[in-house]
Amino acid sequence: MKQTNDIHTIQRRAAKLILEDGSEFSGWSFGKARSQAGEAVFTSAMTGFPLTLTDPGYRGQILVSAYPIITDCPVPVNPKTGETALDQFGLPDELESSSLQIAGFVVSEICEDPQAGAGQMSGKDMQTLSSWLDKSGIPGIYGIDTRAIVLRLRNQGVMRAKILVDGSRDVTLDSGIVSNPVEEVSVKEAVNYGPAAGGSKKAEPLKIALIDCGVKAGAIRCLLNRNARVIRLPWNHDLKDIDFDGLVLSGGPGDPKACGRTIATVRRAFDLKKPIFGIGLGAAIMAMAAGADIYKLPYGHRGCSQPCHEQGTERCYVTTQNHGYAIRAESMPKGWDTWFINANDNSIEGIKSNRYPFSAVMFQPEACPGPKDTEFLFDRFLTQVKDAKK
């Protein structure tokens with residue numbers, strides 16, 4: 001494929017980030033020169049920003065990068081078509097979804113000279129981060145003290161915010177509120193992935209129903225790489241007439257309590273006694289279906305370096321996370337155990353039933369953009385599914 005260098009010249013247009021508490025931070029606009037509101041959150045991730053920015057869990061949020069420099073390197077999106085390449089499963093390659101999910105991007109520094117080396121080495125058409133944001137209608141702001149913003153969000157919690165670009169129409173803080181982000185990012189109808197049913201009986205794939213509350217492509221890929229067949233369902237699907245061996249509840253954005261229909265579906269699924277595995281938002285949904293309560297974390301857990309202790313062992317795993325809610329420890333119902341604990345704030349990061357093959361983690365075992373310390377949890381789940389079929 002011919003290499004295309006899509007050099008997007010960043011115009012120095014003044015911009016501000018304005019937080020709900022009235023604090024303002026001045027910088028310069030990049031990406032789309034428009035004003036936009038959203039919920040301000042921060043991530044500690046240093047790498048893999050194309051994966052982060054396309055994570056449906058960030059839907060409607062203005063993302064602040066705690067890492068000081070975001071390189072304006074080529075992103076894996078074709079500048080001619082605006083499309084990303086697909087892998088052998090038909091999933092976005094090097095991205096978590098087919099489009100940007102954030103409401104805005106806040107960085108301290110950005111390199112205006114695109115580093116085309118990555119694109120030349122891969123042989124793929126690439127474009128710059130600023131061009132990608134611009135074509136997707138997403139504003140960014142740079143030349144700003146992100147350390148001060150991160151400290152404010154740590155001390156006061158997540159806040160409504162807006163990026164105000166000089167010369168563009170102003171917006172209200174409330175205009176960035178997304179009433180039901182899960183509905184926006186979930187598929188509208190069932191999608192099948194993997195080998196078709198009815199093949200060799202000796203190699204008949206496990207049938208995994210996946211309730212899509214904002215699933216990352218990496219999670220689907222982890223299942224497909226283990227020879228599972230995945231039936232991706234809308235967030236409000238009731239599982240009627242679906243033949244499956246195991247159930248996965250995906251991660252996603254927003255308040256888990258807004259997913260009442262999904263919670264009710266999981267309660268009914270408990271009666272089937274088939275293995276269930278929840279991730280992120282799906283873990284909170286499973287906890288509520290079991291009778292536990294959840295609460296909003298002050299500033300959430302987002303990034304690639306969250307340490308989690310596995311209870312009953314001396315193991316501590318480094319995990320990728322993106323969740324703003326946690327399970328209230330004192331509300332844990334009888335028959336359920338705490339599985340993982342966050343080593344930073346002692347919040348619950350995983351639960352499991354002590355009677356049935358039901359388990360869930362708040363972190364992201366698909367580990368995109370990394371590390372992959374806990375990807376083995378997909379093997380554990382599929383082993384439970386195989387055992388349940390015997």
Side-chain angles (χ1 to χ4, degrees), residues 56 86-92 96-97 182 185-252 259 261-283 285-286 289-290 350-353 355-361 364-368 374-390:
L86 301 180
D87 65 11
Q88 69 270 33
F89 303 119
L91 296 167
E96 292 296 359
S97 66
V182 169
V185 297
S186 178
V187 291
K188 307 307 177 187
E189 57 185 25
V191 181
N192 289 277
Y193 301 91
S200 171
K201 291 184 178 180
K202 293 183 179 180
E204 185 70 22
L206 297 173
K207 297 184 290 294
I208 305 300
L210 186 150
I211 296 183
D212 177 13
C213 296
V215 68
K216 294 168 63 177
I220 301 175
R221 192 177 292 113
C222 281
L223 294 167
L224 296 175
N225 281 335
R226 289 160 174 80
N227 198 38
R229 178 184 172 217
V230 177
I231 311 160
R232 182 179 179 182
L233 301 167
W235 70 281
N236 55 359
H237 199 285
D238 58 14
L239 293 180
K240 290 181 179 178
D241 303 321
I242 299 296
D243 178 26
F244 65 94
D245 303 314
L247 175 64
V248 171
L249 313 173
S250 87
C259 300
R261 294 182 65 176
T262 316
I263 295 169
T265 296
V266 175
R267 286 198 187 106
R268 292 191 294 269
F270 283 159
D271 295 334
L272 301 176
K273 307 297 188 295
K274 294 181 179 181
I276 307 176
F277 184 41
I279 300 171
L281 178 68
I285 288 172
M286 181 184 289
I351 61 173
K352 59 182 178 180
S353 168
R355 295 182 61 192
Y356 305 109
F358 310 150
S359 59
V361 292
Q364 298 171 339
E366 64 271 20
C368 295
T374 57
E375 190 176 323
F376 73 91
L377 294 178
F378 288 101
D379 296 304
R380 177 185 181 275
F381 167 65
L382 291 176
T383 296
Q384 291 180 325
V385 176
K386 290 178 184 176
D387 291 344
K389 288 191 69 176
K390 293 179 181 178

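For the single chain, residues carry numbers from 1 onward in sequence order.
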Heavy-atom check, side chain of Leu206 versus side chain of Lys389, under 4.5 Å: yes

- request: Taking all non-hydrogen atoms of both residues into account, name the closest pair between Ile285 and Cys259 and its distance.
  value: CD1-CB, 3.9 Å

- request: Going by the side-chain contact (heavy atoms from CB on, under 4.5 Å) test, name the single residue among Val191, Asn192, Leu239, Asp243 that passes it with Ile231.
  value: Asn192

- prompt: Under 6.0 Å from the CZ atom of Arg380, do we count more than 12 heavy atoms belonging to anything else shown?
  reply: yes

message: I'd like to check Val248 versus Ile211 (side-chain heavy atoms, cut-off strictly below 4.5 Å). Are they in contact?
response: no

message: Is the shortest side-chain heavy-atom distance between Ile276 and Pro357 below 4.5 Å?
response: no

message: Distance alone, cut at 3.5 Å: any donor-acceptor contact between the side chains of Ser250 and Arg232?
response: no

field: Between CZ on residue Phe358 and CZ on residue Phe381, distance to nearest 0.5 Å
entry: 11.0 Å

- line: Shortest non-hydrogen pair, Arg221 vs Pro92, comes out as NH2-O, 2.9 Å

Ser186 side-chain N/O to Asp212 backbone N/O, donor-acceptor pair under 3.5 Å: yes

- request: Flag the pair Leu210 / Leu247 as yes when at least one side-chain heavy-atom distance between them is below 4.5 Å, and no otherwise.
  value: no

message: Please check this pair: side chain of Glu96 against backbone of Gly218, looking for a donor-acceptor N/O pair closer than 3.5 Å.
response: yes

- request: Decide, yes or no, whether a salt bridge links Glu375 with Arg226 under the criterion of side-chain N to carboxylate O below 4.0 Å.
  value: yes

query: Which heavy-atom pair separates Pro205 from Ala228 by the least distance, and what is that distance?
result: CB-C, 4.5 Å

message: With heavy-atom distances below 4.5 Å as the criterion, would you say the side chains of Ile208 and Val385 are in contact?
response: yes

message: So that I know where these two stand, are Phe270 and Tyr356 an aromatic pair - ring centroids less than 6.0 Å apart?
response: no

message: Less than 4.5 Å apart, side chain to side chain, heavy atoms only: is that true for Trp235 and Val187?
response: no

message: Using every non-hydrogen atom in the two residues, find where Glu366 and Phe378 come nearest and quote the distance to one decimal.
response: N-CE1, 3.6 Å

Stepwise salt bridge (Lys or Arg N to Asp or Glu O under 4.0 Å) test for Arg268 and Asp271: CA-CA 6 Å; Arg268 292 191 294 269; Asp271 295 334; over 6 Å; no

task: State, with a plain yes or no, whether a side-chain heavy atom of Tyr193 is found less than 4.5 Å away from one of Leu91.
output: yes

